Amino acid sequence: MGKKILLNSKEIHIILHRLACQLIENHNNFENTVLIGIQPRGVYLAERLVSILKEDYNIPEVKLGQLDITFYRDDFRRRGEPIEANKTNINFIVEDKNVVFIDDVLFSGRSIRAALTAIQSFGRPIDIELLVLIDRRFSRHLPIQPNYRGRQVDVINEERVTVNWKEKDGKDAVYILNN
Ligand SMILES: O=P(O)(O)OC[C@H]1O[C@H](OP(=O)(O)OP(=O)(O)O)[C@H](O)[C@@H]1O
Ligand SMILES: O=c1cc[nH]c(=O)[nH]1
């Protein structure tokens, strides 16, 4: 398997700070905003952003939830492997809130479509935005686009972009994997 590095930890650090600033530009003190990390790997990105907002920009109270989309996917019955669900943890209402979905990679858009369905159980937000670290260009199956993107990349269909986080994988890095 071929493995190429797309972003190293320094580049990720810079991008995360830029994304945090873009969120502040639109959401000020986050009084009416909630961030929702999409399980499993969007959660790491969401937690990183919250900690940057808190430690570097003095915004202590950012509401953060975690949304599992497993049973809302339109293809979950077709996947060969056993289904393993993650935890949804949203202990606030999203009614009349500005919601920001956060995920590591945007590819077909099907995960975000599932998230749009899943969040309906928690109320009716004013609006929903999408923040992703990696936006795979020309790969969408659905009319879904990010409001905030870390890096846009062109990779061929046979390749896969993988985001590694230091808390889980030992170091921050984004790779392109080729079978
Ligand atoms: O836009 P999409 O095509 O939905 O792909 C994006 C999703 O893929 C990855 O998750 P995961 O590996 O769990 O999903 P996958 O098996 O669909 O790649 C990634 O963390 C995103 O959530
Ligand atoms: O390249 C891709 C496509 C979907 N999901 C990922 O995590 N990476």
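Numbering of ligands and ligand atoms starts at 1, following listing order. As the structure is a computational prediction, the values presented were derived from the model and not from experiment.
- Under a 3.5 Å cut-off, the side chain of Ser139 and the backbone N or O of Phe107 do form a donor-acceptor pair.
- Looking at ligand 2, you'll find an N or O of Arg160 within less than 3.5 Å of one of its N or O atoms.
- Taking only nitrogen or oxygen atoms, main chain and side chain alike, Gly109 reaches within less than 3.5 Å of ligand 1.
- Ligand 2 has a nitrogen or oxygen under 3.5 angstrom from a nitrogen or oxygen of Arg136.
- In this structure, a donor-acceptor pair under 3.5 Å is present between the side chains of His27 and Glu129.
- Here the options are Ile5, Val153, Leu6, the test is side-chain contact (heavy atoms from CB on, under 4.5 Å), and the partner is Ile176; only Leu6 passes.
- Here Arg41 pairs with Asp169 in a salt bridge; the nearest charged N to carboxylate O distance falls below 4.0 Å.
- The closest protein non-hydrogen atom to atom 8 (N) of ligand 2 is Val161 O, 2.8 Å.
- Counting heavy atoms closer than 4.0 Å to ligand 1, residue His141 contributes nothing at all.
- Less than 4.0 angstrom separates some heavy atom of Arg110 from each of these atoms of ligand 1: 1 (O), 4 (O).
- Side-chain contact check for Arg136 and Gln152: no donor-acceptor pair (N or O, by modelled atom type) lies under 3.5 Å.
- Electrostatic pairing of Asp74 and Arg110 counts as a salt bridge here, judged by a charged N lying under 4.0 Å from a carboxylate O.
- Atom numbering of ligand 1 starts at 1 in the shown order; those under 4.0 Å from a heavy atom of Ser108 are 1 (O), 2 (P), 3 (O), 4 (O).
- Judged purely by distance below 3.5 Å, without hydrogens or angles, the side chains of Tyr44 and Glu167 never pair a donor atom with an acceptor atom.
- An N or O contact shorter than 3.5 Å is missing between Arg41 and ligand 1 by distance.
- In this structure, Arg136 has no heavy atom closer than 4.0 Å to ligand 1.
- A heavy-atom separation below 4.0 Å is found between Arg73 and ligand 1.
- Residue Pro40 has no nitrogen or oxygen atom sitting less than 3.5 Å from a nitrogen or oxygen atom of ligand 1, judged on distance alone.
- Of the protein's non-hydrogen atoms, Phe107 CB, 3.6 Å is the one closest to atom 4 (C) of ligand 2.
- Listed for the Asn29 side chain is a donor-acceptor partner under 3.5 Å among the backbone atoms of Glu31.
- Every atom of ligand 1 is numbered from 1 in the order shown, and the set under 4.0 Å from a heavy atom of Asp104 is 19 (C), 20 (O), 21 (C).
- A salt bridge is absent between Arg73 and Asp68: the closest approach of a Lys/Arg side-chain nitrogen to an acidic carboxylate oxygen does not fall below 4.0 angstrom.
- Across Arg160, Arg140, Arg113, heavy-atom proximity to atom 9 (C) of ligand 1 is greatest for Arg160.
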